[in-house]
Amino acid sequence: EVQLVESGGGLVKPGGSLRLSCAASGFTFSPYSMNWVRQAPGKGLEWVSSMSSGSSYIYHADSVKGRFTISRDNAKNSLYLQMNSLRAEDTAVYYCARSIAADTHPYEFDYWGQGTLVTVSS
Amino acid sequence: QSVLTQAPSVSGTPGQRVTISCSGSSSNIGSNYVHWYQQLPGTAPKLLIYRNNQRPSGVPDRFSGSKSGTSASLAISGLRSEDEADYYCASWDDSLSVVFGGGTKLTVL
């Protein structure tokens, strides 16, 4: 059974940093593209970052570019999101999602984790 | 403001057929696949339709997707109470980003 389990969320002050992790199991992690999607309280889905299996592509949304960095460790079956210079508007549930990938970008997100809540507040 | 446009809400009665529309542009829907996600209350999103009109294993054939030009639609026939959820369309945009619609809340009356 495919499982994606996010961790690392919590309360952080504006300007602070947080590192989210996503532990994958139940499938061979390395061939898949991986992604982060967030959802602010009561709002819709917002794509954050995508990374291909061999790091041939890495994309970040404009709203997080220069502040967030996606990375992965295929040996540990894990995906990460380093979040720096956090702002109140980054408050959201952050989901990790697996995707099939074309050569240059992800296709559908076929499995999602349950999410981890990040709250940015003083 | 989302790049893909969806109506905020739609409703129907049990057994009815409803459609949810998603409007984009030539840089996203017009030149890339559309995918649909269902988010039941309090849960993570789930893939419902991928690559315009494909259903993942386990998704009932009451759900169907289509695409024409820069728009896409999700149809749900034989509406059931358990279909009450938020539905999101998504696509790749040639500006190098994944774009989502704002979501449509389906209410089963």
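Throughout, a chain's letter reflects where its sequence line sits, starting with A, and its residues are numbered from 1. Computed over heavy atoms, backbone and side chain alike; hydrogens, waters and symmetry mates excluded.
The minimum heavy-atom distance linking A/Y95 with B/T43 is given by the pair OH-O, 3.9 Å. Here the closest non-hydrogen pair linking B/A44 and A/G113 is CB-O, 3.1 Å. Nearest heavy atoms, B/L96 versus A/W47: O-CH2, 4.0 Å.
Under a cut-off of 6.0 angstrom, the local environment of CZ in A/F29 is crowded, with over 12 non-hydrogen atoms contributed by other residues, nucleotides or ligands. Residue B/R80 places its CZ atom among 12 or fewer non-hydrogen atoms of other residues, nucleotides or ligands, all under 6.0 Å distant. Other residues, nucleotides and ligands place more than 12 heavy atoms under 6.0 Å from the NZ atom of A/K65.
In this structure, A/V93 is a member of the same hydrophobic cluster as B/V98, with clusters built from ILVMFWY side-chain heavy atoms closer than 4.5 Å. Hydrophobic clustering (side-chain heavy atoms under 4.5 Å, transitive across Ile, Leu, Val, Met, Phe, Trp, Tyr) groups A/L79 together with A/F68. A/L81 and B/F100 are members of different hydrophobic clusters when ILVMFWY side chains are connected at heavy-atom separations under 4.5 Å. Taken together through direct or relayed side-chain contacts under 4.5 Å among Ile, Leu, Val, Met, Phe, Trp and Tyr, B/F63 and B/V10 form part of one hydrophobic cluster. Taking hydrophobic clusters as Ile, Leu, Val, Met, Phe, Trp and Tyr residues chained together by side-chain heavy-atom distances below 4.5 Å, B/V108 does not share a cluster with B/Y88.
The parts of B/P45 that come within reach of chain A are both its backbone and its side chain, each placing non-hydrogen atoms under 4.5 angstrom from that chain. Only the side chain of A/V37 comes within contact range of chain B, with at least one heavy atom under 4.5 Å from a heavy atom of that chain. For A/Y59, the part lying near chain B is the side chain, with the backbone staying farther off; criterion is any non-hydrogen pair under 4.5 Å. For chain A, no part of B/D86 is nearby; none of its heavy atoms comes within less than 4.5 Å.
When side chains are defined from C-beta on, A/P106 counts as touching B/W92, because their heavy atoms get closer than 4.5 Å. In this structure, A/Y107 and B/Y50 have side chains that are not in contact, with every pair of non-hydrogen atoms separated by 4.5 Å or more.
Of the possible donor and acceptor atoms, none in the side chain of B/Y37 sits under 3.5 Å from a partner among the backbone N and O of A/L45.
If you take OG on B/S2 and CD on A/E46, they are separated by 9.0 Å, rounding to the nearest 0.5 Å. Interatomic distance, A/I100 CD1 to B/R51 CZ, rounded to the nearest 0.5 Å: 6.5 Å. The CD atom of A/E108 sits 12.5 Å away from atom CG of B/L48, with the distance rounded to the nearest 0.5 Å.
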Apply side chain to side chain donor-acceptor pair (under 3.5 Å) to B/Q39 and A/Q39, showing your working. CA-CA 11 Å; B/Q39 187 174 32; A/Q39 186 170 34; 2.9 Å; yes
